[in-house]
Amino acid sequence: MLLEQIINGITLGSIYAIVALGFTLVFGVLGIINMAHGEIFMFGAFIGVTVTSTLGLPIWMAFLAAIAATAILGYLLEQFALRPLRGKKGVSHLAPLISTIGVSIFLENLSHHLFGAGNHPFKSSFAEIHYTIGSITIYLVQILIFVISVILMIALSYWLSKTKAGKALRATAENLETASILGVNTKQIITLTVIIASAMGGIAGILVGMAFNSVNPQMGLSIGLKGLAIIILGGMGNVKGAMAGGLILGLAETFIVAYGDSGYRDAIAFIAIIVILLIRPQGLFGKKTSEGRP
Amino acid sequence: MTLLKVSGIETYYGKIQALKGVSLDVEQGKIVTILGANGAGKTTTMKTIAGLLKPKSGTVEFLGENITGLRPDQLVKRGISLVPEGRAILSGMTVMENLEMGAYQRNDKEIAKDLEDVMQRFPILKERKNQLGGTLSGGQQQMLAIARALLSRPKLLLLDEPSMGLAPLIVADIFKIIKEIKDSGTTVLVVEQNARQALKIADYGYVLETGKVIVHGPSHELLEDPRIMEAYLGKKSE
């Protein structure tokens, strides 16, 4: 069913978009890829499992707990893995990237230790609730994922374009020095950005847990790489690009499974990177730039 | 009254010493200009005052408070605003958003009124308020950068080469605006290569050479100093 596949694709795509937004915000402000984002996302998913399945609490509490936990992880990431490397003489610009890889390995192993290596089902009381309209079946979970993602994207766009802090973030992303002489405490804005990005990762973790009914310590890597593919597709540091790129990838993956060879599902993202780098290296929404980042 | 007192600052880029003990005073309500050739240390001096560079030794005092080594945002709070070389417009944000960022640290109720005033003064900015900053011409960007800096209501405005790369007619405009800023009560410290024009509006001038102040004095004296004329103003043609 075409319509059903479109719905599946949009559901998956909106999750990808949320993951990619976390990458793109951090890239915009710091100019680095946060390789630990996937693992922070995975932690969010585990917090969701723990709160709903182990403690038997309602799903909204899982969201609150995951947001809180991943926001703290984001703060710690900035405080201990990123800030000590910033603005120091003789530190390579790649150092923070490597440091986030270190954090990702640490978090993956920590979750092995805390939650075990196996798959955890994500039990929610409404997992089986679905609606049938004609020949189309829609699960309540899908609607929930879609609605939460859309709300999150609208809220983020509004925050970035209308609020003082959002504008300060954009100014910082465009030029750190300029933002600072305008009176922005750029250190604070960077910390805030990493925290918001991580919390979005945590929310995405629960959404993925609900969508696939499965959570494991390895899930961060594959989703992390896809998030990376999406921001290359959409344009590095570009918020609209992350949203559109997420939806495109979600739809493409769903369609290849439905109408093509499901074995190529995970390859789609990387085929998309190759194609986009060949035809439009700045990404779908990225601007051509003649100057590199400092 | 001395608003800004810079005493013996030495600033380095890595191992290269750019400032070798620069001292200067800026009196409240005046225009003070720093002149000098390329590489004399003018921009470094401005960046050090604005907190973008930290001096290895020496002090910067503002209204009697030692502000050496404070962050730029802390200095904006104290009333120092820098318009850097190259204008630093946020090109991905609209003209209006650029102006709003100028008032970033303010929470008072007069921001909307000040924005309106600024757009009265620079009608071109009002006309283009929804355009991206990057689409403005050089002269318009300079107006925007100055307007933006004024929106923080600074006590001291630092202007780094405001006339650079602009057409002569627009340069004349910019100097007129600087004079108006002083008349409205804001102290100005301006770095210029355009020495003659800068000295005409300034009250006092400092001449930098390879990281040191070599001459300083009231503008009219500098304008009449034959050595300065020769070295920095070109042979007198009139």
Side-chain angles (χ1 to χ4, degrees), chain A residues 24-25 27-29 31 83 86-92 157-192 234-241 282-283 285-294, chain B residues 12-15 46-47 49-54 70-94 96-107 111 130 132-135 141 144-145 147-154 157-160:
Chain A
T24 225
L25 283 176
F27 182 84
V29 168
R83 182 168 301 166
R86 198 153 47 233
K88 291 258 166 63
K89 280 192 195 77
V91 173
S92 155
S157 304
Y158 178 85
W159 186 75
L160 285 173
S161 64
K162 297 284 182 244
T163 69
K164 209 167 172 177
K167 285 175 198 166
L169 190 154
R170 282 161 57 214
T172 307
E174 188 169 330
N175 191 315
L176 199 89
E177 196 171 284
T178 302
S180 73
I181 59 167
L182 293 174
V184 176
N185 183 343
T186 50
K187 220 178 183 175
Q188 244 172 32
I189 291 291
I190 289 171
T191 308
L192 182 69
M236 307 286 270
N238 189 305
V239 169
K240 275 188 208 127
Q282 71 271 34
F285 288 80
K287 283 189 195 73
K288 261 205 180 115
T289 150
S290 49
E291 71 227 290
R293 285 187 68 94
Chain B
Y12 287 74
Y13 292 104
K15 286 201 168 103
M46 292 297 248
K47 284 189 162 180
I49 296 170
L52 289 170
L53 295 170
K54 296 200 187 337
L70 290 186
R71 292 191 312 265
D73 60 287
Q74 295 171 314
L75 297 174
V76 173
K77 184 147 242 136
R78 284 162 175 77
I80 299 178
S81 193
L82 168 71
V83 177
E85 196 179 351
R87 311 183 255 280
I89 293 304
L90 296 161
S91 57
M93 295 173 83
T94 64
M96 189 64 180
E97 284 174 332
N98 267 281
L99 292 173
E100 286 168 355
M101 284 306 295
Y104 179 74
Q105 286 202 351
R106 289 172 54 189
N107 287 311
I111 297 174
N130 295 320
L132 291 183
T135 64
Q141 288 195 358
L144 176 56
R148 187 177 66 179
L150 287 175
L151 275 162
S152 70
R153 290 195 170 175
L157 182 66
L158 306 173
L159 297 170
D160 195 352

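Proteins come first, then strands; the chains are lettered A, B, ... in the order of their sequence lines, and each starts at number 1.
For chain B, the nearby parts of A/A168 are the backbone and the side chain; heavy atoms of each come within less than 4.5 Å. Heavy-atom distances place the backbone of B/I89, and not its side chain, under 4.5 Å from chain A. Proximity to chain A (any heavy atom under 4.5 Å) is restricted, for B/L52, to the side chain, taken from C-beta onward. The part of B/A103 that comes within reach of chain A is its backbone (N, CA, C, O), which places non-hydrogen atoms under 4.5 angstrom from that chain.
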Here's a test: name every donor-acceptor pair under 3.5 Å between chain A and chain B, with the distance for each.
{"residue": "A/K164", "atom": "NZ", "partner": "B/Y104", "partner atom": "O", "Å": "2.7"}
{"residue": "A/K164", "atom": "NZ", "partner": "B/R106", "partner atom": "O", "Å": "2.8"}
{"residue": "A/K167", "atom": "NZ", "partner": "B/E100", "partner atom": "OE1", "Å": "2.5"}
{"residue": "A/R170", "atom": "NH1", "partner": "B/E97", "partner atom": "OE2", "Å": "3.1"}
{"residue": "A/R170", "atom": "NH2", "partner": "B/E97", "partner atom": "OE1", "Å": "2.8"}
{"residue": "A/R170", "atom": "NH2", "partner": "B/E97", "partner atom": "OE2", "Å": "3.3"}
{"residue": "A/E174", "atom": "OE1", "partner": "B/G92", "partner atom": "N", "Å": "2.9"}
{"residue": "A/E174", "atom": "OE2", "partner": "B/S91", "partner atom": "N", "Å": "2.3"}
{"residue": "A/E174", "atom": "OE2", "partner": "B/S91", "partner atom": "OG", "Å": "3.0"}
{"residue": "A/E174", "atom": "OE2", "partner": "B/G92", "partner atom": "N", "Å": "3.2"}
{"residue": "A/G183", "atom": "O", "partner": "B/Q105", "partner atom": "NE2", "Å": "2.8"}

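Every residue meeting the side-chain contact (heavy atoms from CB on, under 4.5 Å) condition with B/A147, not counting sequence neighbours, appears here in chain and number order: B/L99, B/V118, B/F122, B/L125.
Between A/A171 and B/L90, the shortest heavy-atom contact is CB-CD1, 3.7 Å.
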